[in-house]
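Model, not experiment: these values are computed from the prediction.
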Amino acid sequence: MPSVMPNQEYIELPKIKDDDLIDVTSIEVLEKYNSSAKLKLVVNNKYGETITNVKTKNINCKILSQEYNEGKSNVIVEIYEPIMYTSEYEITSITSKGAYGQEYSREYNSGERKINIDLYKEINTIDDWKVINNSLSENYILNVDLDFMNEGDNIAINNGTFKGKLNGNNHTIKNINISRNKGGVFSNVSGTIENLKIENYKQEIANGNGGFISYLSTGAIVNNININNASINKIGEANITYGFITGYNIMATIKNSSVTNGTVVINNYMESIKLGGIVGEANSANVKNCFVQNLNIKVSNLLSNQGIGGIIGYQNNGVTTNCYSTGKIESNKEYVGGIVGYTTNEISNCYSITNIQTSAGYIGGIVGYMSFTRGEQNIDNPIKYNLYLGNLYTSSSTSNRIVGNGDMGIGNVGYIDQSIIGAETDESIIRLLDYEDLFKEDTYTKTLLWEDNNYDFSKR
C-alpha cells in the first residue's frame, strides 16, 4: 500500500497441509513383461491438478492416461527400458500443473515409494548366460534350453555372490561338466534360483563344498530345481561337503526340488565327508517338498563320517519335512540315514525306500543319528510321523529301523517285511505296517497325519 497509509500487520497465507499436496498413495501392477510393466498409481490430488511427470530410479517412466475423481487421480504409467533388472524400483518425484500453469513437484526420499516388481534380463544364448557374472545383483530369465557341451567351467557363475533372481522358466540346461577347481555352477547364492531343469550334471571335486550351488547363503531360496542324471568324481583325500543341489546351506530354503539318478562312488581313502542327495550340510535351513529318486551312494574307505543321507548329510537345526528318497547307500562308517545322516532337529512327514548297508552302527531308515536333548522346556522329540520301507544291513547294531541311536518321537512307522540284518535293539517301539496297510489312505492321513496337499493319495 502507499506509504501515506498506516503501518499494516503482515497477514500470512494459510500453510499448505500435506493432505493438500499431490502424493502417490498406492501402486498396482496391471500388466508385467520381462522388461516393462503397466502400473496404476493412485494419487492424492485435492485440487484436481494435471499430473505431468513421474520420475523413477533405474527405469524409464511415461504417463499413458489419468482420470480424476473426488480428490484422487488414477494415473496409468508404463515403466520400461530398465538400467538394471531387479525386483524393486522407486518413484523419485511426481509433478503436477495447476489451473494457472504453475508446476509443483513432490520429491521422495530413497525407499519412500517403492515399486515391487520382478523384471528380468533375457537369456537366449550361452553368451547371455555367461553375462550373469558381470552383474550378480540383477534378475535373469531363461527363454530357451541351453546345451553346455564342451563349455566346461566357462559357464560357472563364480565372480562373487549371486544376489538376484534366476528364473529358469521351466527350461533345461544340460551337459554340464565342472572341474575340481570350481565349487559348482554357482559358487555362492543369497538370491533366488527357481523353475530350472538340469540334465547330465558331472562334477569333479577335490575338497570343500560342491554341488550345483556350492554355498547357499542366508535368505536364499531354491524353488523347483530338478536335476536328472548327476554324478561326482572325488579326487584326493581331503574332506568334502556335497549335495547335488547344494553343498552347504545356511539359513536358506530349498523347496519343491528333486534329484533323479544321482551317483556318488568313492573308493579311494578319504578323511571325512558330509554327503546328501539334496544338501551336504544344512545349518538352520529348511528343506521341504523335495525328493531324491534312484540314489546310488557308495563310499567305502572313510576314516570318519559326519553324515550321509538320502536328502541331507548333516543337519544342525532347521526343518526337513514332506521329503522322500529311494535308492541305496553303502558306507564303511556310521551316521547313515535314508533321509538325514546326522541331525539335531526336526524331520517329519517323510518316507524312504532307500536300502542302507554299512559295516558300522548308527544307521536308520530315516535318521542315522539323532542328537537330541529335551532340556528344561521338555521339548518333544522332533523325529515324527515318518515311514521307512527300505532294508537295513549292518555288521554292527542299530537301535531301531527309524533312528540309528533309538532317540525318536511319535508316529514313526516301519514295514513288517523289511529285511533288517544286524541287531535291532529296540524293535518294540516301532509300529510295523503290513502290505495291505500300505494301500489304505487312512494309513497316511490318520496314522502318519500326512496332508493331501503334500502327497497325492489318488493312485494307490
Side-chain angles (χ1 to χ4, degrees), residues 256 258-261 277-278 287-297 309-312 319-330 336-341 343 346-358 363-368 370 380-394 397-460:
N256 310 319
S258 70
V259 174
T260 301
N261 302 321
I278 299 287
V287 178
K288 55 186 179 182
N289 304 341
C290 294
F291 68 81
V292 175
Q293 289 184 330
N294 198 25
L295 179 67
N296 180 19
I297 291 177
I311 300 293
I312 300 174
V319 174
T320 301
T321 187
N322 301 325
C323 296
Y324 75 85
S325 69
T326 73
K328 61 181 179 180
I329 300 175
E330 296 180 35
V336 180
I339 298 296
V340 179
T343 187
E346 181 177 335
I347 301 172
S348 61
N349 302 106
C350 297
Y351 76 89
S352 174
I353 318 177
T354 301
N355 297 322
I356 300 173
Q357 179 176 343
T358 79
I363 70 168
I366 300 298
V367 180
M370 171 62 184
D380 290 338
N381 191 298
I383 309 300
K384 53 191 178 183
Y385 300 110
N386 301 288
L387 169 64
Y388 181 52
L389 300 172
N391 302 315
L392 294 177
Y393 306 90
T394 175
S397 63
T398 184
S399 293
N400 60 72
R401 63 193 75 193
I402 301 296
V403 181
N405 62 327
D407 195 0
M408 68 172 181
I410 62 173
N412 297 289
V413 177
Y415 178 44
I416 197 167
D417 290 329
Q418 287 169 306
S419 292
I420 308 295
I421 298 179
E424 186 179 15
T425 60
D426 199 10
E427 182 179 359
S428 61
I429 66 172
I430 302 297
R431 175 178 175 180
L432 300 180
L433 303 178
D434 61 26
Y435 186 78
E436 292 183 357
D437 290 330
L438 297 179
F439 292 89
K440 296 176 182 177
E441 185 172 332
D442 284 355
T443 297
Y444 305 97
T445 58
K446 295 182 180 180
T447 302
L448 288 163
L449 302 185
W450 294 357
E451 298 177 355
D452 57 8
N453 60 332
N454 296 311
Y455 289 100
D456 181 7
F457 304 122
S458 63
K459 298 178 180 179
R460 298 190 292 278

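A donor-acceptor pair under 3.5 Å links the side-chain atoms of Tyr388 to the main chain of Thr354, judged by distance alone. Proximity of a side-chain donor or acceptor of Gln418 to a complementary backbone N or O of Gly390 within less than 3.5 Å is detected. Formation of a donor-acceptor pair under 3.5 Å by the Ser325 side chain with backbone atoms of Gly338 is found in this model.
Taking CG from Asn391 and OH from Tyr415, the interatomic distance works out to 10.0 Å, rounded to the nearest 0.5 Å. Rounding to the nearest 0.5 Å gives a distance of 6.5 Å between CG of Asn386 and OG of Ser348. To the nearest 0.5 Å, atoms OG1 (Thr447) and CG (Leu387) are separated by 10.5 Å. With rounding to the nearest 0.5 Å, the separation of NZ in Lys288 from OG1 in Thr320 is 11.5 Å. With rounding to the nearest 0.5 Å, the separation of CG in Leu389 from CG in Asp417 is 10.5 Å. With values rounded to the nearest 0.5 angstrom, Tyr455 atom OH is found 9.0 Å from Leu448 atom CG.
When side chains are defined from C-beta on, Ile356 does not count as touching Tyr393, because their heavy atoms never get closer than 4.5 Å. Using a 4.5 Å cut-off on side-chain heavy atoms (C-beta onward), Val413 and Asp437 make no contact. A 4.5 Å side-chain heavy-atom check between Ile339 and Tyr351 finds every atom pair outside the cut-off. Looking at Asn289 and Asn454, their side chains come closer than 4.5 Å, going by heavy atoms from C-beta outward. You'll find the side chain of Val367 stays beyond 4.5 Å of the side chain of Met408, heavy atoms only. Taking the side chain as every heavy atom from C-beta outward, Val287 and Cys323 approach each other to under 4.5 Å.
For Thr326 against Asn294, the heavy-atom pair with the smallest separation is OG1-N, 2.9 Å. Taking each heavy atom of Arg401 and Gly414 in turn, the nearest pair found is CD-CA, 4.2 Å.
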Tyr385/Asn412 under side-chain contact (heavy atoms from CB on, under 4.5 Å): CA gap, chis, key distance, verdict: CA-CA 5 Å; Tyr385 300 110; Asn412 297 289; 5.7 Å; no
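Taking the six-membered ring where the residue is Trp, Trp450 and Tyr444 present tilted rings, their angle falling between 30° and 60°.
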